[in-house]
Enquirer: 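Structure below; questions to follow.
All values derive from a computational prediction rather than experimental measurement. Numbering of residues begins at 1 and proceeds along the displayed sequence.
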Amino acid sequence: MKEEKVVVCITAQNSSQRLIDYGAEVAEQAKGSLHILHVQKGDSIFQNGETLKLLTKLLAYGDRCGGIIHVLCDRDVPKCIGQFVKQEGITKLIMGDVSKLAKKQSFKGEKETQFQKIVNALPEDIELLIVEQQTLVETELEQKIG
(Lines give C-alpha, C1' and ligand atoms only; values in the text may rest on other atoms or scores of the structure.)
Protein backbone atom coordinates (compact mmCIF):
# COMPACT_ATOMS: atom_id res chain seq x y z
CA MET A 1 0.00 0.00 0.00
CA LYS A 2 1.28 3.45 -0.96
CA GLU A 3 2.29 5.76 1.90
CA GLU A 4 -0.04 8.74 2.27
CA LYS A 5 1.71 12.07 1.78
CA VAL A 6 -0.36 15.17 2.41
CA VAL A 7 0.79 18.56 1.16
CA VAL A 8 -0.76 21.86 2.22
CA CYS A 9 -0.21 24.74 -0.21
CA ILE A 10 0.02 27.99 1.73
CA THR A 11 0.39 31.64 0.94
CA ALA A 12 1.50 34.44 3.22
CA GLN A 13 -2.02 35.05 4.52
CA ASN A 14 -3.52 34.61 7.97
CA SER A 15 -6.01 32.09 6.59
CA SER A 16 -3.18 29.64 5.81
CA GLN A 17 -3.08 28.62 9.48
CA ARG A 18 -6.45 26.86 9.14
CA LEU A 19 -5.12 25.00 6.10
CA ILE A 20 -2.18 23.74 8.15
CA ASP A 21 -4.56 22.64 10.93
CA TYR A 22 -6.74 20.78 8.43
CA GLY A 23 -3.71 19.20 6.74
CA ALA A 24 -2.37 17.99 10.09
CA GLU A 25 -5.73 16.32 10.81
CA VAL A 26 -5.87 14.68 7.37
CA ALA A 27 -2.28 13.40 7.67
CA GLU A 28 -2.90 12.05 11.18
CA GLN A 29 -6.09 10.24 10.10
CA ALA A 30 -4.31 8.78 7.06
CA LYS A 31 -1.27 7.86 9.19
CA GLY A 32 0.81 9.72 6.63
CA SER A 33 3.34 12.51 6.44
CA LEU A 34 2.48 16.21 6.38
CA HIS A 35 4.23 18.61 4.00
CA ILE A 36 3.80 22.39 4.02
CA LEU A 37 4.53 24.02 0.65
CA HIS A 38 4.89 27.68 -0.21
CA VAL A 39 5.79 28.62 -3.78
CA GLN A 40 6.84 32.24 -4.19
CA LYS A 41 6.41 33.62 -7.68
CA GLY A 42 9.73 34.94 -8.89
CA ASP A 43 13.30 34.43 -7.75
CA SER A 44 13.22 35.19 -4.02
CA ILE A 45 10.99 35.06 -0.94
CA PHE A 46 12.71 38.15 0.45
CA GLN A 47 10.82 40.72 -1.63
CA ASN A 48 8.48 42.03 1.07
CA GLY A 49 9.43 42.27 4.76
CA GLU A 50 5.89 41.99 6.16
CA THR A 51 5.07 39.05 3.91
CA LEU A 52 8.27 37.30 4.96
CA LYS A 53 7.47 37.88 8.65
CA LEU A 54 4.02 36.28 8.38
CA LEU A 55 5.31 33.47 6.18
CA THR A 56 8.05 32.72 8.73
CA LYS A 57 5.44 32.46 11.49
CA LEU A 58 3.23 30.19 9.39
CA LEU A 59 6.12 27.91 8.47
CA ALA A 60 7.21 27.69 12.12
CA TYR A 61 3.62 26.81 13.03
CA GLY A 62 3.59 24.12 10.32
CA ASP A 63 6.82 22.72 11.73
CA ARG A 64 5.31 22.59 15.24
CA CYS A 65 2.36 20.67 13.74
CA GLY A 66 4.81 18.04 12.47
CA GLY A 67 5.02 19.26 8.90
CA ILE A 68 8.02 19.00 6.61
CA ILE A 69 8.59 22.52 5.29
CA HIS A 70 9.21 23.28 1.59
CA VAL A 71 9.73 26.79 0.20
CA LEU A 72 10.28 27.10 -3.54
CA CYS A 73 10.58 30.02 -5.94
CA ASP A 74 9.49 29.83 -9.56
CA ARG A 75 8.00 32.10 -12.19
CA ASP A 76 5.43 29.39 -13.05
CA VAL A 77 3.76 28.55 -9.72
CA PRO A 78 1.27 25.94 -11.05
CA LYS A 79 4.00 24.04 -12.90
CA CYS A 80 6.23 24.16 -9.81
CA ILE A 81 3.45 22.74 -7.61
CA GLY A 82 2.75 19.99 -10.15
CA GLN A 83 6.43 19.03 -10.33
CA PHE A 84 6.73 19.01 -6.53
CA VAL A 85 3.69 16.74 -6.16
CA LYS A 86 5.08 14.29 -8.73
CA GLN A 87 8.64 14.28 -7.37
CA GLU A 88 7.56 13.81 -3.74
CA GLY A 89 4.89 11.20 -4.46
CA ILE A 90 2.17 13.33 -2.85
CA THR A 91 -1.22 11.59 -2.53
CA LYS A 92 -3.38 14.45 -1.20
CA LEU A 93 -3.13 18.18 -1.92
CA ILE A 94 -4.90 20.74 0.26
CA MET A 95 -5.63 24.25 -0.96
CA GLY A 96 -7.79 27.10 0.26
CA ASP A 97 -11.01 28.21 -1.38
CA VAL A 98 -10.08 29.86 -4.65
CA SER A 99 -13.39 31.44 -5.57
CA LYS A 100 -12.19 35.03 -4.99
CA LEU A 101 -9.02 34.45 -6.98
CA ALA A 102 -10.96 32.83 -9.81
CA LYS A 103 -13.39 35.76 -9.92
CA LYS A 104 -10.52 38.27 -10.05
CA GLN A 105 -8.86 36.44 -12.91
CA SER A 106 -12.07 36.09 -14.89
CA PHE A 107 -12.54 39.87 -14.62
CA LYS A 108 -9.06 40.31 -16.08
CA GLY A 109 -10.15 38.24 -19.07
CA GLU A 110 -7.83 35.31 -18.40
CA LYS A 111 -9.06 32.15 -20.09
CA GLU A 112 -7.66 29.79 -17.47
CA THR A 113 -7.54 30.67 -13.77
CA GLN A 114 -4.49 30.06 -11.60
CA PHE A 115 -6.47 27.33 -9.83
CA GLN A 116 -7.25 25.60 -13.14
CA LYS A 117 -3.59 25.80 -14.10
CA ILE A 118 -2.60 24.12 -10.82
CA VAL A 119 -5.21 21.38 -11.27
CA ASN A 120 -4.04 20.77 -14.84
CA ALA A 121 -0.43 20.43 -13.63
CA LEU A 122 -1.31 17.71 -11.09
CA PRO A 123 -1.10 13.96 -11.66
CA GLU A 124 -4.51 12.37 -12.25
CA ASP A 125 -4.33 10.11 -9.20
CA ILE A 126 -3.94 12.88 -6.61
CA GLU A 127 -6.80 13.68 -4.24
CA LEU A 128 -7.48 17.43 -4.19
CA LEU A 129 -9.07 18.80 -1.01
CA ILE A 130 -10.39 22.37 -1.00
CA VAL A 131 -10.92 24.07 2.36
CA GLU A 132 -13.71 26.63 2.30
CA GLN A 133 -12.93 30.13 3.41
CA GLN A 134 -13.94 31.10 6.90
CA THR A 135 -13.19 34.08 9.05
CA LEU A 136 -10.48 33.68 11.65
CA VAL A 137 -10.39 35.80 14.76
CA GLU A 138 -7.06 37.62 14.73
CA THR A 139 -6.34 36.98 18.42
CA GLU A 140 -6.86 33.23 18.02
CA LEU A 141 -4.37 33.20 15.16
CA GLU A 142 -1.82 35.18 17.16
CA GLN A 143 -2.14 32.74 20.06
CA LYS A 144 -1.51 29.77 17.77
CA ILE A 145 1.32 31.01 15.53
CA GLY A 146 3.01 33.47 17.86
Side-chain angles (χ1 to χ4, degrees), residues 1-105 108 110 112-136 138 140-146:
M1 189 168 167
K2 190 174 181 181
E3 177 195 356
E4 290 288 342
K5 291 185 175 184
V6 178
V7 67
V8 179
C9 290
I10 66 166
T11 57
Q13 296 179 11
N14 289 332
S15 59
S16 288
Q17 182 267 329
R18 69 185 166 78
L19 297 176
I20 295 169
D21 287 341
Y22 182 71
E25 285 179 31
V26 170
E28 185 177 322
Q29 289 174 358
K31 295 182 177 40
S33 58
L34 174 65
H35 298 259
I36 311 298
L37 174 64
H38 173 72
V39 179
Q40 179 67 42
K41 187 171 187 169
D43 300 325
S44 172
I45 64 167
F46 302 108
Q47 295 168 350
N48 179 324
E50 286 304 308
T51 299
L52 182 59
K53 189 187 241 184
L54 177 57
L55 186 59
T56 301
K57 286 183 178 183
L58 287 166
L59 294 173
Y61 180 73
D63 181 59
R64 289 193 305 271
C65 290
I68 301 165
I69 306 302
H70 307 271
V71 179
L72 304 171
C73 296
D74 200 303
R75 295 198 187 286
D76 188 342
V77 173
K79 180 181 172 188
C80 184
I81 292 171
Q83 288 175 339
F84 175 84
V85 165
K86 290 172 190 166
Q87 289 170 352
E88 295 294 322
I90 300 297
T91 57
K92 297 179 189 307
L93 181 128
I94 297 171
M95 292 176 49
D97 183 7
V98 294
S99 58
K100 284 185 182 179
L101 176 63
K103 286 177 188 171
K104 261 189 211 177
Q105 288 178 326
K108 290 180 183 177
E110 293 184 28
E112 189 176 43
T113 66
Q114 189 80 342
F115 174 75
Q116 289 167 325
K117 289 176 184 177
I118 292 170
V119 171
N120 291 340
L122 297 174
E124 289 183 18
D125 60 342
I126 191 161
E127 183 178 351
L128 180 60
L129 304 168
I130 304 298
V131 179
E132 289 186 26
Q133 195 168 29
Q134 62 191 53
T135 306
L136 285 176
E138 196 70 33
E140 289 176 1
L141 177 65
E142 285 301 316
Q143 289 172 353
K144 288 187 175 184
I145 66 172

Enquirer: Considering the options Leu34, Leu37, Val131, Leu129, which one meets the side-chain contact (heavy atoms from CB on, under 4.5 Å) requirement together with Val8?
Expert: Leu34

Enquirer: Does a side-chain heavy-atom distance below 4.5 Å link Leu52 with Thr56?
Expert: yes

Enquirer: Val6 versus Tyr22: any side-chain heavy-atom pair under 4.5 Å?
Expert: no

Enquirer: Taking the side chain as every heavy atom from C-beta outward, state whether Val71 and Gln40 have any atom pair closer than 4.5 Å.
Expert: no

Enquirer: Using 0.5 Å steps for rounding, measure from the CD1 atom of Ile36 to the CD1 atom of Ile94.
Expert: 8.5 Å

Enquirer: Got a sec, which pairs hit salt bridge (charged side-chain N to carboxylate O under 4.0 Å, His left out) with one end in residues 68-77, sequence neighbours left out?
Expert: Asp43-Arg75

Enquirer: CG/Asn14 to NZ/Lys57 distance, rounded to the nearest 0.5 angstrom?
Expert: 9.0 Å

Enquirer: Which atom pair, heavy atoms only, marks the closest approach of Ile20 to Cys65?
Expert: CG2-SG, 4.0 Å

Enquirer: Going by the rule salt bridge (charged side-chain N to carboxylate O under 4.0 Å, His left out), which residues pair with Glu127 if we only count those two or more places apart in sequence or in a different chain?
Expert: Lys92

Enquirer: Looking at side-chain heavy atoms only, is the closest gap between Asn120 and Glu112 below 4.5 Å?
Expert: yes

Enquirer: I need the minimum non-hydrogen distance between Leu55 and His38, along with the two atoms involved.
Expert: CD2-CD2, 3.4 Å

Enquirer: Could you grab the distance from atom CD1 of Ile10 to atom CG of Leu54, nearest 0.5 Å is fine?
Expert: 8.5 Å

Enquirer: Return a table of donor-acceptor pairs under 3.5 angstrom between the side chains of residues 78-91 and protein atoms on other chains or two or more places apart.
Expert:
residue, atom, partner, partner atom, Å
Thr91, OG1, Glu4, OE1, 2.6
Thr91, OG1, Lys5, N, 2.9
Thr91, OG1, Lys5, O, 3.1

Enquirer: Determine the minimum heavy-atom distance between Leu58 and Ser16, stating which atoms define it.
Expert: CD1-CB, 3.9 Å

Enquirer: If I compare all heavy atoms of Leu93 with all of Cys9, which pair ends up nearest, and what's the gap?
Expert: CD1-SG, 3.9 Å

